[in-house]
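Below you'll find the structure, written out as structure tokens, and then a few comments.
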Amino acid sequence: MSALSVAVELPRVSGPTLLVDLSAIAENTRTFTARTDAALMAVVKADGFGHGAVDVARTALAHGATQLGVTSIEEALALREAGLRAPALSWLNQVDADFESAVSADVDLAVPSHQHLEAILRGVAGRTRARVHLQLDVGMARDGAPPDEWAQLCRAARQAEQRGLLDVVGVMGHLGCADDPTDPSNAAGRRRFAWGLETARATGLRPRTRHLAATSATLTDPRTHHTMCRVGAGLVGIDPSRTVRLRPALTLTAPVVSVRRVRAGTPVGYGHTWTAPTATNLGLLPLGYADGLPRAASGRAEVMVRGRRASIVGLFSMDQIVVDLGEDAVPPGEPVTIFGPGDAGEPTVAEWAGWASTIEHEIVTGIGARVRRDVRTEHTSGLRSMR
Ligand SMILES: *Cc1c(COP(=O)(O)O)cnc(C)c1O
């Protein structure tokens, strides 16, 4: 038997793997459609918050979402290339972006400034009518037109509409503090949005899609719903308002590479920040901060090994972490759960966010490219490997 055939016959232990459970996305989508009479836009920016934009989009559309939202035109075109035909809105582009390709692919565009309006009109050059959503800053000074430029933007858009160059199908805003429903800036944001709609109407615009709410506002304040809610985090199981139980969709696992027995007093990892207080067994896992485990969680984070919590000890390395297994020496290849939905007591993404002093969004969007992705589809328990 040649060396090659021996290698091929060895059982293959897979490395770090991120499992995406689409039935969780389906369940979360239904939670949102049940909470509003408005239309639901599935926000699938940043590769569907790290869950796979096309998979999240397809699943959400199958369970009641009717529109798709992304930041860049490139993200929208990728959805089109995957065969998704639902209305899709792109809301963050430079003025020299490829608006022509967007309009040709039937992608709606947010317009946050007069310069963007001009650039879109130049891009389509009268050949097709662009569909646009005028975007108002309702109080976070981030994206969207400042209020003192709004009336002029509405007038210019109305003129272009009357010349047959575009259709203003929507007006949008975004709240900066909706995760805290008691924050007074939410009422100010709602009022500014209402003012923006009145101003648009006064110039003759009749935007049929009016949208202000993202996940938190959708869950906590029906006054923000208008005709559509734009929901991203909630679909993947994250509720920043902490008012509803949603279902996390990700499980990250990795096999133990090796186990070593160490004496009390053995320092571990870079900087020797942790020293074994007693004799113990240390397990090595082949993933680190390059794979999205935040180094800031060093000294706090845990994993689940054979149904028990175990501490990650020492500083996280780029490609590896060390787990204190105590007396549970497990064999190499033993699967370890880094995080999951929490059903079996394993750490959750929310716990990881706490350990790293960040938010769940940053954990789920940060899983690195070399982690293998498997998808558990809705109707079978079968797995589909992304690569
Ligand atoms: C990301 C984003 C959303 C989705 O927000 P979630 O809180 O994740 O639902 C909605 N609207 C805009 C403009 C966004 O940038």
Side-chain angles (χ1 to χ4, degrees), residues 24-25 28-29 31-33 35-36 38-51 53 56-57 60 64-76 79 87-93 107-113 116 132-145 170-181 183 186 189-190 192-193 196 209-221 224-244 246-250 349-350 353 358-366:
I25 310 280
N28 296 330
T29 306
T31 298
F32 281 88
T33 54
R35 283 182 162 252
T36 184
L40 179 65
M41 169 183 277
V43 176
V44 295
K45 63 190 182 185
D47 198 23
F49 290 62
H51 292 60
V56 175
T66 54
Q67 303 214 16
L68 301 173
V70 290
T71 49
S72 71
I73 288 171
E74 288 70 23
E75 289 175 302
L79 297 174
L89 170 65
S90 159
W91 59 68
L92 185 62
N93 291 290
V107 171
D108 294 11
L109 295 164
V111 176
S113 76
H116 283 81
V132 304
H133 297 235
L134 301 186
Q135 186 184 18
L136 173 65
D137 172 22
V138 300
M140 64 188 298
R142 191 186 70 169
D143 43 357
V171 167
M172 67 186 289
H174 189 60
L175 297 165
C177 303
D179 58 334
D180 176 6
D183 191 300
N186 293 316
R190 286 199 314 271
R192 193 184 276 185
F193 190 66
T209 310
R210 303 177 291 278
H211 42 120
L212 176 63
T215 294
S216 293
T218 304
L219 294 176
T220 61
D221 189 354
T224 62
H225 292 190
H226 294 274
T227 70
M228 186 169 76
C229 297
R230 299 185 310 266
V231 175
L235 298 183
V236 300
I238 299 170
D239 171 16
S241 74
R242 309 207 168 279
T243 53
V244 176
L246 300 169
R247 180 139 187 87
L250 295 183
V349 168
T358 184
I359 57 175
E360 291 154 80
H361 312 55
E362 192 174 332
I363 305 292
V364 297
T365 57

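Bear in mind that the values here come from a model prediction, so they are computed numbers and not experimental data. All ligand and atom numbering here is 1-based and tracks the order in the structure.
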Can you list the atoms of ligand 1 that are under 4.0 Å from a heavy atom of [X]?
{"X": "Phe49", "answer": "8 (O)"}
{"X": "Ala233", "answer": "6 (P), 8 (O), 9 (O)"}
{"X": "Val231", "answer": "9 (O)"}

Top protein contact for [atom], by heavy-atom distance:
{"atom": "atom 11 (N) of ligand 1", "answer": "Arg230 NE, 2.8 Å"}
{"atom": "atom 6 (P) of ligand 1", "answer": "Thr215 OG1, 3.5 Å"}
{"atom": "atom 12 (C) of ligand 1", "answer": "Trp91 CZ2, 3.4 Å"}
{"atom": "atom 5 (O) of ligand 1", "answer": "Ala214 CB, 3.4 Å"}

Please report whether the ring centroid of His133 lies less than 6.0 Å from that of His211.
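Yes, close enough.
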So how far is it from [X] [atom1] to [Y] [atom2], rounded to the nearest 0.5 Å?
{"X": "His116", "Y": "Asn93", "atom1": "NE2", "atom2": "CG", "value": "6.5 Å"}
{"X": "Asn28", "Y": "Leu235", "atom1": "CG", "atom2": "CG", "value": "7.0 Å"}
{"X": "Ile73", "Y": "Ser90", "atom1": "CD1", "atom2": "OG", "value": "5.0 Å"}

Are Asp179 and Arg242 ion-paired here, with the side-chain N under 4.0 Å from a carboxylate O?
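The answer is no: the pair does not qualify as a salt bridge.
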So for Arg142, does at least one of its heavy atoms come nearer than 4.0 angstrom to any atom of ligand 1?
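In this structure, Arg142 qualifies as a contact of ligand 1 - some heavy atom is under 4.0 Å.
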Once you restrict to heavy atoms under 4.0 Å, what part of His174 touches ligand 1? Side chain, backbone, both or neither.
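Looking at His174 and ligand 1, just side chain atoms fall under 4.0 Å.
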What part of Lys45, side chain, backbone, both or neither, has a heavy atom within less than 4.0 angstrom of ligand 1?
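Side chain only.
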Is it the case that the side chain of Glu75 and the backbone of Thr71 share a donor-acceptor pair, with hydrogens and angles ignored and the cut-off at 3.5 Å?
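Here the side-chain-to-backbone pair exists.
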Return the set of residues passing side chain to side chain donor-acceptor pair (under 3.5 Å) with Thr215 (not counting sequence neighbours), or none when no residue passes.
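With sequence neighbours excluded, Thr215 shows a side chain to side chain donor-acceptor pair (under 3.5 Å) to no residue whatsoever.
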Sorted by first residue and then second, give each salt bridge (Lys or Arg N to Asp or Glu O under 4.0 Å) pair with at least one member in residues 227-241; sequence neighbours left out.
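Residue pairs with at least one partner in residues 227-241: there are none.
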When only distance counts, is Gly232 in polar contact with ligand 1, meaning an N/O pair under 3.5 Å?
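For ligand 1, there is an N or O atom that lies under 3.5 Å from one belonging to Gly232.
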